[in-house]
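Here's the structure we're looking at; comments come further down.
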Amino acid sequence: MNEVTETDGPQAARGPSAPALCVGETLVDLICERPVASFDEAGSFVPHTGGAPSNVAVVAARAGAAVGIAGDVGDDAW
């Protein structure tokens, strides 16, 4: 049986990956966490981090990348 090393596979051909910087707005998405037929049936919503740069940063970090987010924040409760 052959042993797989860190130098095998597509990543080895590209070399080490650079850190990712995600730039843009980070939002608070309010999500109803149960199936409903209409908005009126939702009852409650749970805040979740959102916005395209945040979503990309989360997926990249879960895949093992070093990531950062550059953006701005408001002065509201969120």
Report task. Might you point out which heavy atoms bring Thr49 and Asn55 nearest each other, and give the distance in Å? Result -> O-OD1, 4.2 Å
**Report entry** Heavy atoms of other groups near Asp75 CG, more than 12 under 6.0 Å
**Finding:** no
Query raised in the report: Taking all atoms of both residues into account, what is the closest heavy-atom pair of Gly51 and Asp29, and its distance?
Result: N-OD2, 4.1 Å
Query raised in the report: For Ala61 and Val67, which heavy atoms make the closest approach, and how far apart are they?
Result: CB-CG2, 3.9 Å
Query - CA sep, side-chain torsions, deciding dist, call: Ile69, Thr26, side-chain contact (heavy atoms from CB on, under 4.5 Å) - result: CA-CA 9 Å; Ile69 296 178; Thr26 298; 3.9 Å; yes
Query raised in the report: Shortest non-hydrogen contact from Pro53 to Gly24?
Result: CG-CA, 3.6 Å
Report summary line: In this structure, OG of Ser54 is separated from CD of Glu25 (nearest 0.5 Å) by 9.0 Å
Query raised in the report: Within a radius of less than 6.0 Å around CZ of Arg62, do more than 12 heavy atoms belonging to other residues, nucleotides or ligands occur?
Result: no
Query raised in the report: When hydrophobic residues are tied together by side-chain contacts of less than 4.5 Å, even through go-betweens, does Val28 share a cluster with Phe39?
Result: yes
Report summary line: Residue set satisfying side chain to side chain donor-acceptor pair (under 3.5 Å) with Glu41, at least two apart, ordered chain then number -> none
